[in-house]
There are 2 protein chains.
Amino acid sequence: MAQPSGEARRRPSMDDVARAAGVSKAAVSKVIRHAYGVSPEMRDRVERTIAELEYRPRVAARVMRGQSFTIGVEIPNLGNEFFTEVMAGASSKLRGSPYQMIIAPGLGDGRGAQVLESLSDRQVDGMIAISPGVSSEWLERLGEEIPMVMLGRHDRAISYDTLTNDDALGAELAVSHLIERGHQRIAHLTISSDEESWPRTPHGIRHRAYIDTLEARGLTPVVSTCEYSSASAYAAGRELIASGQITAIFVGNDALAIEVLRALADLDLTTDSVAVVGYDDIPLASHPRISLTTVSQFGRHMGALAIELLLERIVGGRTDSRHEVVTPELRMRASSAAPAPLLN
Amino acid sequence: MAQPSGEARRRPSMDDVARAAGVSKAAVSKVIRHAYGVSPEMRDRVERTIAELEYRPRVAARVMRGQSFTIGVEIPNLGNEFFTEVMAGASSKLRGSPYQMIIAPGLGDGRGAQVLESLSDRQVDGMIAISPGVSSEWLERLGEEIPMVMLGRHDRAISYDTLTNDDALGAELAVSHLIERGHQRIAHLTISSDEESWPRTPHGIRHRAYIDTLEARGLTPVVSTCEYSSASAYAAGRELIASGQITAIFVGNDALAIEVLRALADLDLTTDSVAVVGYDDIPLASHPRISLTTVSQFGRHMGALAIELLLERIVGGRTDSRHEVVTPELRMRASSAAPAPLLN
DNA sequence: AACAGTTTGGAAACCGGTCTACAAATCTTG
DNA sequence: CAAGATTTGTAGACCGGTTTCCAAACTGTT
């Protein structure tokens with residue numbers, strides 16, 4: 001039965017199994033899906049044949065009528081440890097279920113919609129996404145086609161679930177903490193965005209809360225923006241520090257904050273001169289060499305919760321939308337431990 | 001034309017497009033695939049209808065006869081920045097091509113094969129994988145079904161391509177460097193594995209080279225193993241350091257090395273007491289707060305190269321296998337800068 | 001005008017599953 | 001033991017694309 005070399009082997013189809021077992025295709029299908037109407041003997045015979053032929057159904061064919069048993073996760077950025085935490089949480093929740101998780105990395109800019117379409121084209125049974133740049137109207141339409149959970153969306157939706165942390169509270173915790181440490185000149189480094197959706201994104205809300213918190217205490221905001229890249233965050237951070245006008249920086253997230261720490265070190269300074277606070281509480285933030293004060297939004301938990309919500313839709317058939325909000329917590333560490341220095 | 005609310009919208013099919021444009025399904029298919037035999041007027045008319053209906057072909061249906069335009073990437077672990085670098089390299093190379101990349105995270109242990117099967121069931125057009133635990137025979141069979149590039153495999157394969165760095169050289173660079181710095185008691189922390197494939201895995205080869213390099217200079221190896229997790233690496237590293245018997249640790253990769261740095265700091269020690277060298281040169285290694293001496297294996301480049309090899313198979317139709325080896329380079333940083341301390 | 005060669009568009013088979021509808025076989029029950 | 005109910009297995013339609021094959025229309029040539 002040796003195959004002619006060079007020629008690709010054809011994997012067995014359900015027909016092959018049916019023929020080998022001397023039954024119908026429909027019977028094999030029933031056995032595979034654990035459907036009703038199969039005698040123990042038939043099940044046994046078919047299962048043995050399946051094992052013998054090493055048969056596995058092709059997902060594409062299955063998709064055309066049934067389900068794909070695939071859950072798609074879109075993340076805007078591969079390099080940010082926060083997202084890998086979310087995925088780890090999601091992944092753990094999926095273990096043991098028949099669902100396979102696939103991750104589609106974003107393409108940068110406002111191209112998140114393309115990735116979501118691409119997942120939808122692959123007919124995943126449901127999807128989880130973090131796409132701040134995509135419009136709500138567009139998502140509502142997509143949500144009507146496919147079960148969906150969006151992370152980091154503060155608007156309540158109709159056709160899909162939303163899951164976020166209380167970014168306003170989180171930012172307030174961070175900024176208040178710096179003020180309590182005696183800081184008066186606190187800058188904010190955030191990700192630039194010319195989208196009109198900006199005010200409702202996590203970074204937009206943190207930005208707003210930063211300004212509100214400062215102004216409530218009579219302090220002046222100093223806002224700097226950067227692109228979603230290490231190099232850009234480094235440059236923006238370095239400029240802020242070099243200006244000598246500030247004693248603390250509240251950075252939009254931990255990944256960027258760590259670049260600010262890099263700039264600080266490259267300028268031969270420490271967090272005693274300029275305190276740094278991030279957002280997300282990625283694992284690295286607790287590393288003693290980094291020891292970054294930050295706000296935890298429980299990424300692993302969010303990932304797990306997102307899967308729960310999604311499975312409620314896929315398996316449970318829920319169609320009304322839910323909006324869950326996680327309460328963030330401040331994590332005080334060395335990067336904001338020193339008292340605020342005096343500016344000369 | 002409003003849809004009854006609550007009912008899921010059905011997305012348009014190729015038939016809908018054909019009907020709306022007043023042509024046949026086959027014609028629409030030809031237009032989409034840019035196939036031969038379509039007049040400019042027909043192309044125009046169909047394309048307009050496609051745009052109007054916002055039609056996008058379903059990948060599953062397309063897969064049944066044609067291609068999926070999907071490339072699957074299996075990675076053993078989400079948390080390791082080295083893998084995200086590889087994927088970033090792959091992703092950048094795919095930009096602008098019609099192929100979409102999907103990532104399937106491993107399930108830990110030796111369950112890599114399951115993920116590969118799962119990708120194969122989804123009929124990706126090709127896949128890239130990093131599965132040290134899977135047997136070569138099994139991979140050869142899979143390679144006959146689907147274009148495949150394996151990373152970190154030192155064996156030459158027949159049905160798929162292999163791409164690796166010279167781990168023996170890399171480990172030798174690392175260990176020699178420590179010896180030149182005056183270290184005599186150099187430990188190695190590596191990932192445990194009871195697989196028989198161990199000697200041919202990257203970590204196995206680094207381990208072998210470590211021993212060979214030490215013994216060539218008449219030094220005694222001290223090997224410690226840990227699981228593929230931060231907590232385990234931390235514990236193993238801490239134990240090695242606390243033993244007081246060594247002045248340097250060559251760690252299997254950067255992600256684990258950074259956990260060793262954590263243990264070191266928690267013990268109120270610095271790399272002046274125990275030098276640390278990693279492997280991979282992840283972006284974080286160059287952070288001044290970390291400044292980890294390591295060996296670069298050019299992850300981004302490897303990711304890009306893997307895609308090139310894969311596309312040669314998918315698009316170019318190459319069937320003979322290739323085996324590419326990248327030459328690693330030492331990156332000297334602060335974690336090994338101090339002269340070796342004397343052991344009391 | 002007749003003919004061969006080339007373009008163009010469509011009908012229908014096909015991919016590999018799921019699912020519906022139904023017939024045959026078996027089991028209950030009076 | 002007949003009638004009805006239930007269980008078991010199958011044929012065939014179906015999903016939405018791709019691909020093959022063929023007929024019709026058009027082109028150019030003599």
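Basis for what follows: all heavy atoms, side chains included, without hydrogens, waters or symmetry-related copies. Convention: sequence-line order gives letters A, B, ...; per-chain numbering from 1. A quick note: this is a predicted structure, and the numbers were derived from the prediction, not measured.
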For [X], salt bridge (charged side-chain N to carboxylate O under 4.0 Å, His left out) partners two or more places apart:
| X | value |
| --- | --- |
| B:Glu41 | none |
| A:Asp125 | none |
| A:Arg318 | A:Asp161, A:Glu312 |
| B:Glu308 | B:Lys93 |

Handout entry: Distance-only donor-acceptor check, side chains A:Arg122 and B:Thr70, under 3.5 Å
Key = yes

Problem - Residue pair B:Arg58, B:Ser13: steps toward the side-chain hydrogen bond (donor to acceptor under 3.5 Å, both in side chains) verdict - result: CA-CA 8 Å; B:Arg58 258 147 286 202; B:Ser13 74; 5.0 Å; no

Problem - A:Tyr55: ring pair (Phe, Tyr, Trp, His ring centres under 6.0 Å) partners, not counting sequence neighbours - result: none

Fill in the blank from the handout: ring pair (Phe, Tyr, Trp, His ring centres under 6.0 Å) filter on B:Tyr228, not counting sequence neighbours, yields none

Exercise for the section: Decide yes or no for A:Arg56 and B:Ser120: does some side-chain heavy atom of the first lie under 4.5 Å from some side-chain heavy atom of the second? Expected result: yes

Problem - Pairwise side-chain contact, A:Tyr99 with A:Gln67, heavy-atom cut-off 4.5 Å (strictly under) - result: yes

Problem - Five-pair end axes of the helix from C:dA1-D:dT30 to C:dG30-D:dC1, angle between them (10°) - result: 40°

Problem - Residues in contact with DNA chain C, drawn from residues 17-28 of chain A - heavy-atom cutoff 4.0 Å - result: A:Lys25, A:Ala26

Problem - Span of DNA chain C, from the first to the last nucleotide whose atoms fall under 4.0 Å of chain A heavy atoms - result: C:dG16 to C:dC19

Completion exercise
The correct set of residues in residues 29-41 of chain A placing a heavy atom under 4.0 Å from DNA chain D is A:Lys30, A:Tyr36, A:Gly37, A:Val38, A:Ser39

Exercise for the section: Give me the first and last nucleotide of DNA chain D, going 5' to 3', that has any atom under 4.0 Å from a heavy atom of chain B. Expected result: D:dG16 to D:dT19

Problem - Sequence-distant partners of A:Ala20, side-chain contact (heavy atoms from CB on, under 4.5 Å), two or more places apart - result: A:Thr49, A:Leu53

Practice task
Measure from the side-chain N and O atoms of B:Ser159 to the backbone N and O of B:Glu140, and report whether any donor-acceptor pair falls under 3.5 Å.
Solution key: yes

Practice task
May I ask you to decide whether A:Arg10 forms a salt bridge with B:Glu144, counting only side-chain N to carboxylate O separations under 4.0 Å?
Solution key: no

Handout entry: SB check A:Glu324 A:Arg322 (cutoff 4.0 Å)
Key = yes

